[in-house]
Amino acid sequence: QVQLVESGGGLVQAGGSLRLSCAASGLTFSSYAMGWFRQAPGKEREFVAAISWSGVTQYYADSVEGRFTVSRDNAKNTVSLEMNNLKPEDTAVYYCGASYSGTRYVSRQNLASDRNYDYWGQGTQVTVSR
């Protein structure tokens, strides 16, 4: 049974930082690209960041480029999202997803679409106050 479990969310003031983690089990982690998406109330889920199966390539949404950093540890089956200089508009539930790399070309276009993910975590709330 595949499980993705996010942690690290919380309440932070604007300008602050948080580090989200996603622990994966039940899958061959190094065969999956990993992505972070978020969903704010009343809005659709949107792409935040993704990282290739090897960790060599990262992709970011324009809105978080330069503030967020995605990384992974294939030995520990974890992917992380370091979020700095947080803004109120970053408030959302953050989800990690796993996209099998064996049958999909790893590209920003593919990994930015939530339709290309096979598994999802339950989400963790991030709230940024003014």
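- Cluster annotation: V64 and V79 are assigned to the same hydrophobic cluster (Ile/Leu/Val/Met/Phe/Trp/Tyr, side-chain heavy-atom contacts under 4.5 Å, transitive).
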Output, in order, the C-alpha distance, side-chain angles, deciding distance and verdict of side chain to side chain contact (heavy atoms under 4.5 Å, CB included) for S31 and S101.
CA-CA 6 Å; S31 295; S101 296; 5.9 Å; no
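- Atom CD of E65 is separated from atom CD of Q58 by 10.0 Å, given to the nearest 0.5 angstrom.
- Under a 3.5 Å cut-off, the side chain of T78 and the backbone N or O of C22 do not form any donor-acceptor pair.
- Note that CE of M83 and OH of Y94 are 5.5 Å apart. Values are rounded to the nearest 0.5 Å.
- Put simply, the side chain of R115 never gets that close to the backbone of N110: no donor and acceptor are under 3.5 Å apart.
- At a threshold of 4.5 Å between non-hydrogen side-chain atoms, the residues R38 and R45 do not count as touching.
- Linking Ile, Leu, Val, Met, Phe, Trp and Tyr whenever their side-chain heavy atoms come within less than 4.5 Å puts M34 and Y100 in one cluster.
- A donor-acceptor contact closer than 3.5 angstrom links the side chains of R72 and N74.
- The environment of CD in Q13 is sparse: at most 12 heavy-atom neighbours from other residues, nucleotides or ligands sit within 6.0 Å.
- Residues S71 and R19 have side chains in contact (heavy-atom distance under 4.5 Å, counting atoms from C-beta outward).
- Note that CG of L20 and SG of C96 are 9.5 Å apart. Values are rounded to the nearest 0.5 Å.
- In this structure a side-chain-to-backbone donor-acceptor pair under 3.5 Å is missing from T69 to E82.
- In this structure, the side chain of R67 engages the main chain of N85 through a donor-acceptor pair within 3.5 Å.
- For the residue pair E89 and T91, no side-chain donor N or O sits within less than 3.5 Å of a side-chain acceptor on the partner.
- Residue N77 holds its CG atom at 7.0 Å from CG of L27, rounded to the nearest 0.5 Å.
- I51 is not connected to W53 by any chain of hydrophobic side-chain contacts under 4.5 Å among Ile, Leu, Val, Met, Phe, Trp and Tyr, and they are in different clusters.
- Using a 4.5 Å cut-off between side-chain heavy atoms of Ile, Leu, Val, Met, Phe, Trp and Tyr, W120 falls into a hydrophobic cluster with F37, F47, Y59, V93, Y95, V106, L111, Y117.
- Nearest approach of A49 to Y60, heavy atoms of both residues: CB-CD2, 3.7 Å.
- A continuous path of ILVMFWY side-chain contacts below 4.5 Å connects Y32 to V2, so both sit in one hydrophobic cluster.
- Taking N84 as the reference, S17 meet the side chain to side chain donor-acceptor pair (under 3.5 Å) condition, with sequence neighbours excluded.
- Under the 3.5 Å distance criterion, the side-chain polar atoms of E6 are matched with a main-chain donor or acceptor of G123.
- In this structure, V5 shares a hydrophobic cluster with no other residue, the cluster being traced through Ile, Leu, Val, Met, Phe, Trp and Tyr side chains under 4.5 angstrom apart.
- No donor-acceptor pair under 3.5 Å is formed between the side chain of T28 and the backbone N or O of S30.
- The two residues A92 and Q125 have their closest heavy-atom pair at O-NE2, 3.4 Å.
- Among D90, V126, L81, T124, the one residue that satisfies the side-chain contact (heavy atoms from CB on, under 4.5 Å) test with L18 is V126.
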